[in-house]
Every structure is written in structure tokens, then in C-alpha cells.
There are 2 protein chains.
Amino acid sequence: MRDGPPRSPPRCHPGHVSTSTPPSAALAVRRGRSTREDILEAAVQLFGQVGYRTASLREIASRVGISHPGLLHHFPSKAALLAAVLARRDEVDLAASQADRAAGLPVAEVFARVVERNAARPGIVELFATLSAEATAPDHPAHAYFRERYTTVLAELTADFAELDAAGRLCPGVTPESAARRTVAVMDGLQVQWLLEADRPGTRVDMAAEIRAFYATLAPDPEAS
Amino acid sequence: MRDGPPRSPPRCHPGHVSTSTPPSAALAVRRGRSTREDILEAAVQLFGQVGYRTASLREIASRVGISHPGLLHHFPSKAALLAAVLARRDEVDLAASQADRAAGLPVAEVFARVVERNAARPGIVELFATLSAEATAPDHPAHAYFRERYTTVLAELTADFAELDAAGRLCPGVTPESAARRTVAVMDGLQVQWLLEADRPGTRVDMAAEIRAFYATLAPDPEAS
DNA sequence: CCTACCGATCGGTAGG
DNA sequence: CCTACCGATCGGTAGG
């Protein structure tokens with residue numbers, strides 16, 4: 001039985017390849033773009049599709065158009081590549097969320113936008129859904145990362161809900177910590193449903209809408225009534 | 001780098017090994033118990049710990065005390081073993097839930113008990129959390145299984161919530177389908193948090209309590225107020 | 001960045 | 001249920 005990912009030709013980025021590109025330019029097709037970036041992007045995709053452990057450096061390298069020792073020239077080991085992928089995601093996501101927060105958006109909206117951005121990039125959702133389950137194993141190279149990530153996110157969210165609670169806007173009977181856990185859980189769980197429905201676009205969950213509706217049951221929008 | 005599971009001696013079942021067992025009986029230690037059962041149990045554990053793709057037949061076989069071709073005598077392929085594991089779980093879980101329903105327990109309690117049973121068997125939780133994320137890939141051998149599973153569970157739960165809704169007991173603004181999706185999502189998401197907290201028992205999520213509290217925000221218990 | 005190679009491990013089969 | 005083996009694939013290294 002074959003379980004691996006289907007082989008695909010090296011991926012190119014939109015705008016980097018045009019029909020007028022002469023065949024002789026094929027080898028230079030990545031010119032002007034860092035190989036490191038290409039590797040990171042391909043790694044996000046494959047880690048997301050098959051998980052970290054099943055993904056092979058050879059497959060990632062081939063999608064970028066280099067050999068696998070070539071890849072190891074940029075990242076000294078498979079675990080180092082994973083770490084770089086995770087660090088990159090954190091940078092990008094954190095920056096976007098902080099911008100939203102700085103713009104004065106309510107916490108509920110900041111979260112809904114995170115989900116909205118995710119829904120536009122299935123590869124990222126696959127990556128985190130697959131990895132967070134895989135990294136549940138204590139000897140997984142991303143185990144510490146995900147533990148810290150969840151601890152941090154839960155603490156931040158708990159603080160946000162505690163603020164709402166102090167303002168009397170948290171539903172009675174719901175503790176800030178419980179609200180935080182549930183919010184993270186709903187986000188994670190909806191992603192699995194969403195991924196499983198990838199091939200029936202019509203009936204797919206609208207993750208952002210669900211999150212907004214869910215949030216409203218925890219801390220009703222004061223302007224809504 | 002080594003990513004695989006730590007090697008462990010063949011597992012024995014409580015009650016099957018006593019300190020008075022003579023060393024010469026070691027090879028016959030499985031007598032009286034079906035090898036098939038032992039294989040299934042070991043497979044649940046390893047699939048849960050490292051995922052289906054990373055788990056090896058050799059490791060499972062060695063935990064049972066047989067060779068890997070010996071394992072293939074009982075299950076003709078790795079995918080067949082996975083199918084058997086999933087079928088077994090469905091049998092057991094379905095029977096327990098139907099008994100609870102037949103006993104007249106409200107839907108909320110039936111679900112809380114599913115979670116309670118899960119919390120007592122970390123291996124099963126690991127199995128489903130890991131597999132459901134892994135099986136998100138369309139070419140995974142359990143992809144169809146999990147698609148059907150989610151479709152079925154969501155449909156059943158939606159029907160349950162529609163009944164509550166008809167009785168006027170569903171929170172306003174929440175559709176039965178949305179309530180179902182959220183319930184499943186919270187269960188799945190809490191499991192990931194719970195698994196990541198495996199080594200700090202004190203602060204671990206109480207999954208069943210969270211589910212009960214969550215459910216109460218969707219369809220408040222009429223006797224509670 | 002390459003070719004060439006290493007030891008290890010994989011699922012499955014042959015043949016008993 | 002076993003030993004012995006298969007072709008394929010893995011992460012990483014040597015050496016350039």
C-alpha cells in the first residue's frame with residue numbers, strides 16, 4: 001500500500017511563471033526569490049497534508065526543485081525545519097492579531113478574524129490541526145512548542161474574559177477560564193470538521209460565522225439587544 | 001534524530017502476569033487470551049501515540065510478543081488492522097451510548113458520559129484525536145471512515161437539538177445544526193488540550209464538567225432554575 | 001548547491 | 001505462527 005503524498009512537480013508561485021517563459025529559463029525559475037522561503041512554504045504544505053513524521057525531506061526538496069541535501073544546507077535537520085515553520089507562522093499571525101487589537105477591535109472580532117484568515121489558507125489549518133494532534137506525544141519535536149502555545153493562548157484569552165466578566169458582560173455561570181478553554185476548543189474542533197468537508201464546498205462549515213455566534217453565547221454583544 | 005516511539009517490552013494485561021509465574025511460562029503468557037485481541041489493543045495504543053502512518057507493524061507485533069509476519073497472519077495488511085481497530089471502537093462506544101439512551105438519560109448526559117468514559121482511557125482519546133487530524137488527508141486509509149463518522153454524529157446531534165428546539169428549550173439564536181457542530185467541536189478541541197496537559201494532572205481540564213457546562217449554555221436545564 | 005552513499009526501517013511476501 | 005528476504009524509502013553525512 002502506498003500512503004505517501006501524491007508526487008507533484010515542483011511548485012511555482014503565481015506570477016513567477018508565465019506562458020512566455022522560455023523553456024531554457026526553467027532552471028532559473030526561482031531567481032529573484034529566496035530558496036529558503038520556497039522551502040518553508042513547501043514544508044508548511046506537506047507537514048499539513050501528511051503530518052511532520054510522515055513528510056519527507058526529499059519530497060519537500062523536490063517540490064522546490066532541489067535535492068534533499070540541498071535542503072539540509074538551508075536547515076540543518078528536519079526538526080530545525082519544523083521549528084522554522086512554526087516560528088514563521090507565529091510571527092505572521094501575531095503581527096496580524098496585534099494590528100487588529102491595536103485598531104481597537106473587540107476581542108471577539110480579533111478572534112473571528114484569525115479564523116477568517118485561516119479559512120483562506122487551508123494549508124495552514126491543515127498544518128496546525130495535524131501537528132497539534134501529532135505533537136500530543138511527549139517525544140514529538142513540537143511537543144514543547146504546542147504546550148507553550150496553548151498555555152499562552154489560554155492565559156491571554158482567560159484575561160480577556162476576566163475583563164468582560166468584571167464589566168458584567170460574561171454570561172452567568174461561565175468562568176473566564178472555562179470560556180477561554182471552550183473558545184480554543186471550538187476553534188480547533190471546527191477546523192477538523194472544515195478540513196473533512198474540503199471536497200463538498202457547498203455544505204462546508206463557515207468557521208468564522210460559527211465562532212462569532214458561539215462567542216455571542218458567552219458574552220452577548222451589548223449593542224445587539 | 002529518532003522520532004519513533006520508545007521501545008518497550010511486550011505488554012501484558014493486568015491479571016495475566018503474577019510474580020509467582022515461573023520464568024519458563026513466559027512464552028505461554030498469552031495462553032487463554034486471543035492474540036487477535038492483544039494485537040488490537042496494542043494497535044490502539046500505538047496508533048494513538050504516534051499516528052497510523054508512523055506506527056509500525058513490527059513495533060505493534062513486538063509489544064504482543066510475536067513477529068510482524070505473525071501479525072499479518074491475523075490482519076492481512078496495515079490498513080486492515082486500522083479498519084478493525086476503528087470497527088471495534090465503534091461497537092463498544094455505540095453499545096454504551098445506546099444503553100445510556102435506552103435508560104432514559106437526556107442527550108446532554110449521554111454525551112457527558114461519552115466524555116467521561118474517554119477520560120478514563122487516554123489511549124482511545126489519543127487514537128481519535130491523532131487519527132481524525134491525520135485522516136483529514138484525502139488519501140488516508142481512514143479518510144472515508146471519519147467523513148462518515150462526522151456526518152452521522154452531526155446528523156444525529158442535529159436531530160436531538162431540533163427536538164429540544166421544538167420544545168422551546170434551545171437558546172434563541174442558535175440553530176440545531178450549529179449547536180451540533182459546536183458540541184462536536186468542543187469535545188474534539190477539549191481532547192487536544194487534555195492530551196497536551198497529560199503530565200500536569202493537577203491543572204488538567206475536566207472534560208466532562210466542561211461539556212456539561214457548555215451544554216447548559218445551549219439548552220439550559222429546565223430544572224436548574 | 002550537487003552526487004553518492006551510509007545504516008536503519010518500512011510493509012509485505014515466500015516458503016515453510 | 002516462524003525465519004529470511006524483497007524493494008522502497010527514510011534522515012543524515014562525506015566530499016566536493
Side-chain angles (χ1 to χ4, degrees), chain A residues 1-8 10 26-40 42-43 46-47 49-85 134 139-142, chain B residues 1-8 10 26-40 42-43 46-47 49-85 134 139-142:
Chain A
M1 194 180 59
R2 247 197 115 281
D3 262 347
R7 290 289 183 267
S8 57
L27 288 174
V29 84
R30 287 192 351 267
R31 178 195 43 189
R33 180 177 174 94
S34 127
T35 301
R36 238 188 103 91
E37 292 304 308
D38 286 351
I39 294 172
L40 282 174
L46 193 61
F47 287 162
Q49 282 166 14
V50 303
Y52 167 76
R53 285 178 155 147
T54 309
S56 77
L57 297 181
R58 281 169 174 84
E59 173 66 20
I60 296 169
S62 106
R63 292 186 180 194
V64 176
I66 61 175
S67 67
H68 94 273
L71 188 159
L72 288 167
H73 170 74
H74 292 274
F75 300 94
S77 72
K78 193 184 181 185
L81 175 58
L82 175 61
V85 163
E134 196 182 0
D139 64 332
H140 193 281
Chain B
M1 194 182 60
R2 245 199 116 277
D3 261 347
R7 290 290 183 266
S8 57
L27 290 174
V29 84
R30 287 192 353 266
R31 179 196 43 189
R33 181 179 174 93
S34 127
T35 301
R36 240 188 101 91
E37 292 304 308
D38 286 352
I39 293 171
L40 283 174
L46 194 60
F47 287 163
Q49 282 167 14
V50 303
Y52 167 77
R53 285 179 155 145
T54 309
S56 78
L57 297 181
R58 280 168 174 85
E59 172 65 20
I60 296 168
S62 108
R63 293 185 179 193
V64 176
I66 62 175
S67 67
H68 94 273
L71 188 158
L72 288 167
H73 170 75
H74 292 274
F75 301 94
S77 71
K78 192 184 181 185
L81 174 58
L82 174 60
V85 162
E134 197 182 359
D139 64 332
H140 193 281

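Throughout, a chain's letter reflects where its sequence line sits, starting with A, and its residues are numbered from 1. Because the structure is predicted, anything quoted here is derived from the model rather than measured.
If you check dG11(C), dC10(D), dC1(C) against the side chain of Ile66(A), the one that comes closest is dC1(C).
When the side-chain nitrogen and oxygen atoms of His74(A) are compared with OP1 and OP2 of dC1(C), one or more of them lie within a distance under 4.0 Å. Proximity of His68(B) to the phosphate of dG11(C): no side-chain N or O atom is located under 4.0 Å from OP1 or OP2. At the phosphate of dT9(D), neither OP1 nor OP2 sits under 4.0 Å from any side-chain N or O atom of Ser56(A). The side chain of Ser67(A) contributes an N or O atom lying less than 4.0 Å from OP1 or OP2 of dC2(C). The shortest distance between the side-chain N/O atoms of Ser77(B) and the OP1/OP2 oxygens of dG11(C) is not below 4.0 Å.
One can place CG of Leu72(A) at 11 Å from P of dC2(C), the figure rounded to the nearest angstrom. In this structure, Leu82(B) places its CG atom 17 Å from C1' of dG12(C), rounding to the nearest Å. Rounded to an integer number of Å, the gap from Phe47(B) CZ to dG11(C) P is 9 Å. If you take CZ of Arg53(B) and C1' of dC10(D), they are 15 Å apart, rounded to a whole angstrom. Note: OH (Tyr52(B)) to C1' (dC10(C)) measures 12 Å, nearest angstrom. The interatomic distance linking Leu46(A) (CG) with dC10(D) (C1') rounds to 13 Å, in whole Å. Per the geometry, CD belonging to Glu59(A) stands 8 Å off P belonging to dC10(D), to the nearest Å. Rounded to an integer number of Å, the gap from CZ of Arg58(B) to C1' of dA4(D) is 11 Å.
Map His73(A) and Leu57(B) each onto its nearest nucleotide of DNA chain C; the residue landing nearer the 5' end is His73(A).
At the heavy-atom level, Ala55(A) lies under 4.0 Å from the strands shown only through sugar-phosphate atoms. Nucleic acid contact class of Pro69(B) (heavy atoms, under 4.0 Å, all strands): base.
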Could you please spell out the steps behind the side chain to side chain contact (heavy atoms under 4.5 Å, CB included) verdict for Leu72(B) and Leu57(B)? CA-CA 8 Å; Leu72(B) 288 167; Leu57(B) 297 181; 3.7 Å; yes
Please determine whether side chain to side chain contact (heavy atoms under 4.5 Å, CB included) holds for the pair Thr54(A) and His140(B), giving the CA-CA distance in whole Å, both sets of side-chain angles, and the decisive distance to 0.1 Å. CA-CA 12 Å; Thr54(A) 309; His140(B) 193 281; over 6 Å; no
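Distance check: Lys78(B) NZ to Leu81(B) CG gives 9.0 Å after rounding to the nearest 0.5 Å. Interatomic distance, CG of Leu40(B) versus CZ of Phe75(B), reported as 4.0 Å (0.5 Å rounding).
A donor-acceptor pair is defined here as one N or O able to donate and one able to accept, closer than 3.5 Å; such a pair exists between the side chain of Glu134(B) and the backbone of Arg53(B).
Nucleotide dG16(C) forms a Watson-Crick or G-U wobble pair with dC1(D), both donor-acceptor distances falling under 3.5 Å.
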